[in-house]
Protein chains: 2
Amino acid sequence: MINETRFVSQELKARVYQAMRELNYHPNAIARSLRRKKTQNIGMIVPDISYPFLAEVARGVEDAGFELGYNVIVCDSDGDLEREADYIRLLQEKKVDGIVFVAAGESSSHVQTLIEQGMPVVVCDRDLPGVEVDTVIADNVGSGYQATEHLIDLGHRRIGCIAGPQVLGISNKRGNGYKRALGRYGILVREELIVRGDFRCRGGYEAMRKLLALDEPPTAVFACNDLMAVGAICTASKRRLRIPQDVAIVGCDDIALASFTNPSLSTVAQPKHEMGAMAVEMLVERIKDKSKPPTRRLLPTDLVIRDSG
Amino acid sequence: MINETRFVSQELKARVYQAMRELNYHPNAIARSLRRKKTQNIGMIVPDISYPFLAEVARGVEDAGFELGYNVIVCDSDGDLEREADYIRLLQEKKVDGIVFVAAGESSSHVQTLIEQGMPVVVCDRDLPGVEVDTVIADNVGSGYQATEHLIDLGHRRIGCIAGPQVLGISNKRGNGYKRALGRYGILVREELIVRGDFRCRGGYEAMRKLLALDEPPTAVFACNDLMAVGAICTASKRRLRIPQDVAIVGCDDIALASFTNPSLSTVAQPKHEMGAMAVEMLVERIKDKSKPPTRRLLPTDLVIRDSG
DNA sequence: ATTTTAAACGATTACGTAATCGTTTAACTA
DNA sequence: TAGTTAAACGATTACGTAATCGTTTAAAAT
C-alpha cells in the first residue's frame with residue numbers, strides 16, 4: 001500500500017490517497033516505530049553543544065541525518081559522567097537506532113556497555129582505548145606536527161605549547177604532535193615550555209602569561225585550539241609584543257573567527273562538519289550490518305597560514 | 001505498579017523489582033509513548049545550530065529539557081523554508097510534545113499552521129507578527145538603544161550602524177534601537193551611516209570598509225552582533241586606526257570571545273542560555289494547559305563596557 | 001452470622017502501524 | 001471443462017505499554 005510492499009491497482013491507490021487527503025491523515029511515527037522496531041532517530045552525546053567546535057560537528061551530524069532520513073536527539077553530557085549515563089539510558093529506552101558519541105571523559109566503559117548491548121555506536125573526535133568500535137577522528141597528532149613544523153620552518157627553535165587539560169592523557173594528541181615535530185628536527189622538548197590551558201580563551205590568556213614570564217620566553221607558541229590561541233594573542237598584545245615578529249602564534253581548529261583576529265590567526269583547520277557527517281554515514285552502515293568489523297577513519301587536517309605565524 | 005498508579009504490597013513490589021533486575025528489563029519508551037500519547041520529546045527548529053548565539057540558546061533548551069524530563073530533537077532549517085517545513089512535518093509525525101521555534105524567515109505561516117493543529121509552540125529569539133503564540137525574546141530594541149546611548153554618552157555624534165540583512169524588516173530591532181537612541185538625543189539619522197552586514201565576520205568587515213570610505217566616516221560604530229563587530233575591528237586595525245580613539249566600536253551578544261578581542265569588545269550581553277531555558281519552561285506550561293492565553297516574555301540585556309568603546 | 005467495604009492484584013483492551021495469512025476473482029494451462 | 005496459477009485485496013495479529021475492569025480475599029460494619 002503506502003509503503004510499496006505489494007501491488008495495488010491504480011484505482012484503489014488513487015482512492016486511498018484521496019481519502020488520506022480528505023481525512024488529513026498522517027502516519028504516526030510512534031506506532032510505526034513500535035511495529036518496525038526502528039525509530040529513524042539517532043542520539044548524539046556531546047560534552048557541550050555550545051562549544052563552537054562541537055556545534056559545527058553537530059551541524060554535520062544534523063545535515064547527514066536529514067539526508068539519510070534520521071532525526072537527531074542532542075544530549076549535552078556537560079562533561080559529567082553521571083549525566084552522560086542518564087542520557088544513555090534515556091536513548092536506549094527511546095530506542096534510537098544508533099548513537100554518535102563524543103565522550104565526556106577518558107573512560108570507555110559507557111561505550112563498552114552500549115556495544116555489548118548491541119547498540120550501534122560511532123565514536124567521534126576522540127579515541128577510546130580498548131574498545132572495538134567505529135571511530136571517526138581528525139588527525140590530531142598530525143595537526144600538532146603540522147603547526148609545529150611550520151613554526152620550525154619559519155626559523156623558530158624555542159617553541160612553546162599551550163596544551164589541553166591533560167598533558168599526558170590520551171586527549172592531548174595535538175601536544176604529542178608538537179613533541180614529535182620537535183624531536184624530528186632535533187629540538188629538545190623542554191617541559192617548562194609546555195603549559196596547560198582549559199581549551200578556552202581564558203586558559204590561553206593565562207598560559208601565555210606563564211610562557212612570557214619565563215627567563216627565556218619562547219619565540220613562537222603552538223596553542224592546541226583556536227580559543228586558547230585567541231587568548232594568547234590577547235596576552236601578547238597587552239604586552240605590546242608584535243605578532244609574529246616578537247612571538248609567532250599558531251592555533252588549531254580554524255574556527256570562523258580565525259580570519260578576523262588581529263593579526264589573523266594561522267591555524268590547522270579541522271574537518272568539523274565532515275567529521276559529523278561521516279560519523280552518521282558510518283553509523284548508518286553499522287545499523288545496516290551489525291556484524292562487520294569496526295573501522296576507524298582518520299581525517300586529514302589542513303595548515304592555514306595567515307598573519308600570526 | 002512501577003508507575004505508582006495504585007497500591008501494591010511491599011512484598012510483590014520487591015519481587016517485581018527483583019524480576020526486573022534478573023530479566024534486565026527496561027521500559028520501552030516507544031510503546032509507552034504510543035499508549036500515553038506523549039513522547040517526552042520536544043523539537044527545536046533553528047536556522048543553524050553552529051551559529052554561536054543559537055548554540056548557546058540550544059544549550060539552554062537542552063539543560064531545561066533535561067531538568068524537566070524532555071529530550072530535544074534538534075532540527076537545522078538552514079534558513080530554508082522548505083527544509084523547515086519538512087522538519088515540521090517530521091516532528092508532527094514523530095509526535096513531539098512541543099516545539100521551540102527559531103524561525104528561518106519572516107513568515108509566520110509555519111507557526112500559524114502548527115498552532116492551528118494544536119501543537120504547543122514557543123517562538124524564541126524573534127517576533128512573528130500576527131500570530132498569537134508564546135514568545136520569549138531578548139530586548140533587541142533596548143540593546144540597540146543601550147549600545148548607541150553609551151556611544152552618545154562618550155561624546156560621539158556621528159555614529160554608524162552595521163545592521164543585519166534586512167534593515168527595514170521586523171528582524172532588525174537592534175537597528176531600530178539605534179535609531180531611537182539617536183532620535184532621543186536629537187541626532188539626525190543618516191541613511192549613509194547604516195550599512196547592511198550578514199551577521200558574520202565577513203559582513204562586518206565589508207560593512208566597516210564602506211563606512212570608513214565615506215567622506216565623513218563615523219567616529220563610532222554600533223555593530224548589530226559581535227561577529228560583525230569583530231569584523232569591523234579587523235578592518236579598523238588594518239587601516240591602523242586606533243580603537244576607541246579613532247573609532248569606537250560596540251557589538252551585541254557578548255559571545256565568549258568578546259573579552260579577548262584586541263581591544264576587548266564593549267557589547268550588549270544577551271541572555272542566551274536563559275532564553276533557551278525559559279522557552280522550554282514556557283513550552284511545558286503550554287503542554288500542561290493548551291487553553292490559556294499566550295504570553296510574551298521580554299528578557300533584559302546588559303551593557304558590558306570593555307575597551308573598544 | 002451476614003452483608004458491606006476495601007485492599008490487593010490478575011486479566012483484558014486500546015494505542016496505530018506493518019507483516020502475515022487468507023480469500024476472492026480472473027486469467028491461463030492441460 | 002476442470003484444474004492451476006497469479007493478481008488484488010481484506011482480515012488478523014503482534015509490537016510493549018497503561019488504563020480499565022473484574023475477581024479474590026480479608027477486614028470491618030451491622
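Distance, A:E93 CD to D:dT17 C1': 13 Å, rounded to whole Å. Rounded to a whole Å, the CZ atom of A:R35 is 10 Å from the P atom of D:dG16. A:L34 places its CG atom 11 Å from the P atom of C:dA18, with the value rounded to the nearest Å. In this structure, the CG atom of B:N28 is 13 Å from the C1' atom of D:dA18, given to the nearest Å. One can place CD1 of B:I30 at 22 Å from P of C:dA14, the figure rounded to the nearest angstrom. Separating the NZ atom of A:K38 from the C1' atom of C:dA18 is a distance of 12 Å, rounded to the nearest angstrom. Going from atom NE2 of A:H26 over to atom P of C:dC15 covers 20 Å, rounded to whole Å.
A:Y87 and B:F66 have their aromatic ring centers within a separation under 6.0 angstrom.
Counting only N and O atoms by type, the side chains of A:H110 and A:E84 include a donor and acceptor under 3.5 Å apart. There is no side-chain donor-acceptor pair under 3.5 Å between B:Q40 and B:S33. With no hydrogens or angles considered, no side-chain donor-acceptor pair links B:D76 and B:Y51 at under 3.5 Å. With no hydrogens or angles considered, a side-chain donor-acceptor pair links A:K94 and B:N71 at under 3.5 Å.
Contact annotation: A:R36 side-chain N/O to C:dT17 OP1/OP2 distance is not under 4.0 Å. Put simply, B:K37 has a side-chain N or O that comes within less than 4.0 Å of OP1 or OP2 on C:dG16.
Over its length, the helix from C:dA1-D:dT30 to C:dA30-D:dT1 turns its helix axis by 60°, as judged from the five terminal pairs at each end, rounded to 10°.
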Verdict with reasoning, A:H273 to A:V57, per side-chain contact (heavy atoms from CB on, under 4.5 Å) = CA-CA 5 Å; A:H273 187 281; A:V57 175; over 6 Å; no
